[in-house]
Trainee: 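First the structure, which I've put down as structure tokens, then a few questions once you've had a look.
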Amino acid sequence: MFNKILIANRGEIAVRIIRACKELGIRTLAVYSEADKDALHTRFADGAICIGPPKSSESYLNITSLISAMEVADAEAVHPGYGFLAENAEFAEACETCGIKFIGPTSATMRLMGNKVQAKKTAEELKVPVLPWSNRALSDEKDAIEVSKKIGFPVLIKAASGGGGRGMKLVHTQASLASAFNMAKTEALSAFGDAEVFIERYCELPRHIEIQVVADQHGNVVHLGERECSIQRRHQKILEESPSPQVDARLRQKMGEAAVRLVKGINYTNVGTIEFLLDKGKNFHFMEMNTRVQVEHPVTELVTGVDLVKEQIRIAAGQRLTLKQKNIALTGHSIECRINAEDPRTFVPSPGKITELVWPGGPGVRIDSHIYCGYNVPPYYDNLLAKLIVHAETRAEAIARMTRALEEFHIGGIKTNIPLHLRIMKDHDFIAGKTDINFLSRFT
Ligand code: MV4
């Protein structure tokens with residue numbers, strides 16, 4: 001096992017990773033920007049190094065600073081958390097070159113899944129269902145028109161280096177295809193430094209369902225069921241749950257088997273997530289793979305009893321999975337609400353000083369957070385304040401538990417989206433489990 005891990009992140013996930021390390025008896029090294037010198041992760045860690053000014057590009061994304069911090073402090077491994085450098089193949093490669101263990105897959109696997117054309121091609125070869133698509137990157141307008149005619153309108157143009165919904169263009173008719181294609185290419189080049197785009201059949205009002213996988217370095221792979229993540233706004237999830245009220249045991253097994261096939265087929269190691277769209281006919285289609293621990297990982301932890309961050313660390317250290325697929329069961333129901341510093345109606349960020357803080361608690365309530373009374377929420381990073389996660393026997397009980405926990409929760413001095421979550425808990429479609437990706441648009 002490792003002696004010391006550097007946590008290349010901030011906020012709640014840095015705290016979450018430090019907690020796992022402490023329980024495993026591993027020393028921790030935090031890094032922080034000048035805006036984060038009073039952040040909780042710097043206090044919880046055994047040591048902390050300032051790696052630059054507030055701007056992420058000069059601190060949390062600064063590969064050179066991070067590598068030197070690890071060398072100076074003698075850290076053997078780095079946990080990237082989510083966001084920042086978590087899916088940056090260059091960083092993983094720099095770690096490989098320097099003999100530092102990156103807690104995640106190899107840089108080669110990250111590169112493969114980071115390119116959405118390669119990822120889809122690989123999924124298709126491994127018999128993981130995908131929506132009809134161009135089967136390759138598109139060369140020119142003519143090519144785009146030919147391919148779209150075969151697929152049938154409406155189609156989506158997506159960037160090969162995109163992902164997470166960034167850089168997509170919906171095209172309803174052949175007449176608007178050429179201009180959309182050129183715009184998509186220009187935008188992809190400026191956003192991702194890569195103009196490659198591909199075309200896919202558009203799936204109307206799908207649900208976003210993702211399968212959690214865990215894979216060690218010895219070829220053992222299991223899935224831990226699904227998370228329902230349809231409640232999002234502009235590709236930012238705000239509430240997730242497990243199991244999905246839309247998925248029965250049979251569908252879960254089919255999606256789980258497809259996810260495991262993909263993971264085995266690419267020799268993936270680490271925890272990971274296979275994202276699917278579930279259409280109205282309950283057919284699932286592979287979208288992309290996330291090669292990191294995700295924000296919403298706690299709902300899976302609560303229904304399976306597996307500590308995903310500890311699993312990541314053990315896998316990176318070369319240990320064998322002790323989990324067996326036949327022993328994995330989803331028990332009860334879990335819901336996570338992302339508590340953001342923002343206006344609950346306009347979604348405008350609301351950084352500033354937290355002047356009062358009352359945490360919810362009691363049976364079945366978990367909080368993953370980095371805030372405290374007197375903490376100043378900096379304006380430079382994401383506005384996630386806390387994840388409030390509940391576990392109960394049934395979905396109805398989980399909703400009741402979440403409602404009372406949200407009512408107990410009080411954060412003074414800044415605006416939060418707690419009122420929005422309370423409205424969702426009372427919504428008839430939510431209570432009925434009828435949530436597609438348009439659900440939240442009714443709340444603005
Ligand atoms: C789609 C789609 C409809 N049809 N692909 C957005 C995130 C990225 N992983 C894939 N995304 C979508 N791809 C086809 N062929 C609709 C979305 C989409 C979406 C997906 C999941 C969750 C929220 C979403 C919001 C808007 C669009």
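When reading the values below, keep in mind they use all heavy atoms of this one structure, side chains included, and skip hydrogens, waters and symmetry mates. Just so it is clear, the model here is predicted, and its values are computed rather than measured. For this chain, numbers begin at 1 and follow the sequence in order. We count ligands from 1, going down the list as the structure has it; atoms in each ligand are counted the same way.
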Trainee: Does any N or O in the side chain of Asp248 come within less than 3.5 Å of the main-chain N or O of Leu251, such that one atom is a donor and the other an acceptor?
Mentor: yes
Trainee: Quick check: does any side chain N or O of Glu228 sit under 3.5 Å from a backbone N or O of Gln246, one acting as donor and the other as acceptor?
Mentor: no
Trainee: In a table with atom names and distances, give each donor-acceptor pair under 3.5 Å that connects a side chain of residues 315-329 to protein atoms at least two apart or in another chain.
Mentor:
residue	atom	partner	partner atom	Å
Gln325	OE1	His223	N	2.9
Gln325	NE2	His223	O	3.1
Gln325	NE2	His223	NE2	3.4

Trainee: Any cation-pi pair here, Arg395 with Phe430, using under 6.0 Å and within 45°?
Mentor: yes
Trainee: Determine the sole option in Glu200, Glu288, Glu275 for which the salt bridge (Lys or Arg N to Asp or Glu O under 4.0 Å) test with Lys120 is passed.
Mentor: Glu200
Trainee: Are there any N/O pairs under 3.5 Å between ligand 1 and the protein, and if so, what are their distances?
Mentor:
residue	atom	partner	partner atom	Å
ligand 1	4 (N)	Cys203	N	2.9
ligand 1	5 (N)	Lys158	NZ	2.9
ligand 1	5 (N)	Glu200	OE1	3.2
ligand 1	9 (N)	Glu275	OE1	3.0
ligand 1	9 (N)	Glu288	OE1	3.2
ligand 1	13 (N)	Lys158	NZ	3.0
ligand 1	15 (N)	Glu200	OE1	2.7
ligand 1	15 (N)	Arg201	O	2.7

Trainee: When you measure from the side chain of Glu296 to the backbone N and O of Glu241, does any donor-acceptor pair fall under 3.5 Å?
Mentor: no
